[in-house]
Asker: 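Please find one structure pasted underneath; my questions will follow.
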Amino acid sequence: MTAYPRLAAALALCAASLGSVNAQASDELHYNQVAVRAEVSQEVAHDLMHVTLYSESQNTDPAKLAEATTRTLNAAVEKARKAKGVTVSLGSRSSYPVYDDKGQKITAWRERAELRLESADFAALSQLSADLLGSLKMAGMNFSIAEKTRKQHEDALIKQAVDAFKARAQLATDALGGKGYKLVNLNLNSAGFQPQPIMMRGMAAKAAMYADSGASPEIEAGTSRVVVSADGTIEVQQP
């Protein structure tokens with residue numbers, strides 16, 4: 001009968017010893033580990049231009065209003081599709097009632113529909129936008145980096161980020177008096193910071209002027225900063 005308590009005590013001692021070994025292994029695993037971060041970036045010129053135009057009108061008959069809006073959009077789309085290198089798509093479309101002064105009776109309906117244009121040819125899209133302003137209004141214009149262009153720059157920055165990470169890892173190792181380091185883990189991340197969309201105040205009048213003169217407005221597309229960061233952990237080896 002006394003064998004059982006002795007066996008239980010031995011098992012308890014064995015479990016405690018195993019737990020102590022695991023704790024020591026865990027401590028050793030994280031010994032002299034340092035988090036390191038490096039970041040590289042580059043200004044990249046925008047190579048895509050986006051323009052949003054819209055039609056907005058009012059009528060007492062909602063059916064006639066919808067028909068007129070559709071006719072205006074179809075004509076604009078047909079003209080836009082003839083422009084080489086321009087991607088054409090329809091944006092949001094909505095209609096809402098217009099009430100009398102007392103806010104009780106519907107006196108008319110108002111409808112708004114968007115046309116979105118995108119191109120790498122800034123001059124062509126500027127001229128097309130100016131031509132369409134005879135029937136549409138300008139909602140806004142903004143610029144971005146094409147996906148292919150972004151990937152090319154990110155691929156080049158990845159190597160720079162890794163080299164920068166290695167330099168910082170060595171700097172940390174030297175500061176701690178280590179003889180070298182071992183890479184525990186490494187994560188690479190990329191991001192691009194886009195500027196706010198450029199709202200073209202007074203663009204309608206300017207574009208109409210350019211359309212009459214046959215000239216295209218000069219476009220300052222600007223740039224965005226493409227960033228690649230390297231975050232990781234190293235284990236400094238002591239002499």
Side-chain angles (χ1 to χ4, degrees), residues 42-59 61-96 98 108-155 190-226:
Q42 183 180 15
E43 289 289 336
V44 180
H46 293 150
D47 55 357
L48 268 184
M49 177 178 177
H50 310 267
V51 172
T52 301
L53 304 171
Y54 71 97
S55 167
E56 189 169 27
S57 54
Q58 185 171 308
N59 197 306
D61 188 331
K64 290 182 178 179
L65 176 62
E67 181 183 356
T69 300
T70 300
R71 188 166 54 250
T72 299
L73 275 183
N74 288 344
V77 168
E78 183 179 358
K79 187 172 186 177
R81 284 178 176 167
K82 293 179 181 178
K84 187 177 180 181
V86 177
T87 301
V88 184
S89 63
L90 294 177
S92 62
R93 180 169 177 171
S94 60
S95 62
Y96 54 92
V98 178
W109 290 83
R110 195 164 187 84
E111 186 164 358
R112 176 188 168 109
E114 291 182 343
L115 176 65
R116 296 175 181 174
L117 308 172
E118 177 185 294
S119 180
D121 189 337
F122 295 177
L125 184 49
S126 297
Q127 188 60 57
L128 174 61
S129 301
D131 294 341
L132 290 175
L133 284 174
S135 57
L136 301 176
K137 299 179 179 65
M138 173 71 72
M141 178 186 294
N142 69 297
F143 302 88
S144 67
I145 304 172
E147 189 63 29
K148 182 179 179 180
T149 305
R150 182 187 297 281
K151 186 178 183 304
Q152 289 175 346
H153 287 276
E154 285 179 348
D155 288 348
S190 62
F193 300 94
Q194 298 294 331
Q196 294 296 322
I198 301 173
M199 303 307 294
M200 304 303 286
R201 297 176 182 175
M203 183 67 183
K206 293 179 181 179
M209 177 184 69
Y210 283 117
D212 294 338
S213 65
S216 297
E218 293 184 4
I219 299 297
E220 291 294 337
T223 62
S224 281
R225 182 176 294 274
V226 176

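On a predicted model such as this, the values are computed, not experimentally measured, just so you know. For reference, positions follow the sequence shown, starting with 1.
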Asker: Write down the atom of H46, the atom of A221, and the distance for their closest heavy-atom approach.
Answerer: ND1-O, 2.8 Å
Asker: Taking distance alone, no hydrogens or angles, what donor-acceptor pairs closer than 3.5 Å link side-chain atoms of residues 48-55 to residues at least two apart or in another chain?
Answerer:
| unit_1 | atom_1 | unit_2 | atom_2 | d |
| --- | --- | --- | --- | --- |
| H50 | ND1 | E118 | OE1 | 3.3 |
| H50 | NE2 | S144 | OG | 2.7 |

Asker: Can you name the residues that form a side chain to side chain donor-acceptor pair (under 3.5 Å) with D121, not counting sequence neighbours?
Answerer: none
Asker: Who passes side chain to side chain contact (heavy atoms under 4.5 Å, CB included) against S89, sequence neighbours left out?
Answerer: R116
Asker: Rounded at 0.5 Å granularity, tell me how far CZ in R112 sits from OG1 in T69.
Answerer: 12.0 Å
Asker: So which heavy atom on A80 is nearest to which on V88, and how close?
Answerer: CB-CG2, 3.7 Å
Asker: What distance do E114 atom CD and S94 atom OG have between them, rounded to the nearest 0.5 Å?
Answerer: 8.0 Å
Asker: Kindly indicate whether the side chain of R93, heavy atoms from C-beta on, has any atom under 4.5 Å from the side chain of L73.
Answerer: yes
Asker: Could you report the tightest heavy-atom contact between E56 and Y96, atom names first, then the distance?
Answerer: OE2-OH, 3.7 Å
Asker: Show me the pairs that pass salt bridge (Lys or Arg N to Asp or Glu O under 4.0 Å) and involve residues 68-87, at least two apart or across chains.
Answerer: E67-R71
Asker: On a heavy-atom basis, which atom in G85 and which in S119 lie closest, and how many Å separate them?
Answerer: O-OG, 2.9 Å
Asker: Looking at A146 and D47, what are the two nearest heavy atoms and their distance?
Answerer: N-OD1, 2.7 Å
Asker: To the nearest 0.5 Å, what is the distance between CD (Q42) and CD (E154)?
Answerer: 11.0 Å
Asker: For a 4.5 angstrom cut-off between non-hydrogen side-chain atoms, does L117 reach T87?
Answerer: no
Asker: Applying side-chain contact (heavy atoms from CB on, under 4.5 Å) to V226 and R150, what does each step give before you reach the verdict?
Answerer: CA-CA 8 Å; V226 176; R150 182 187 297 281; 4.1 Å; yes
Asker: With sequence neighbours excluded, tell me which residues meet side chain to side chain contact (heavy atoms under 4.5 Å, CB included) with E43.
Answerer: T223, R225
Asker: Could you work out, with salt bridge (charged side-chain N to carboxylate O under 4.0 Å, His left out) as the rule, every residue matching D155, not counting sequence neighbours?
Answerer: K151
Asker: When rounded to the nearest 0.5 angstrom, what is the spacing between NZ in K148 and NE2 in H153?
Answerer: 12.0 Å
Asker: What are the two closest heavy atoms between A76 and L136, and how far apart are they?
Answerer: CB-CD1, 3.7 Å
Asker: How long is the straight-line distance from CG of D61 back to CH2 of W109, given to the nearest 0.5 Å?
Answerer: 11.0 Å
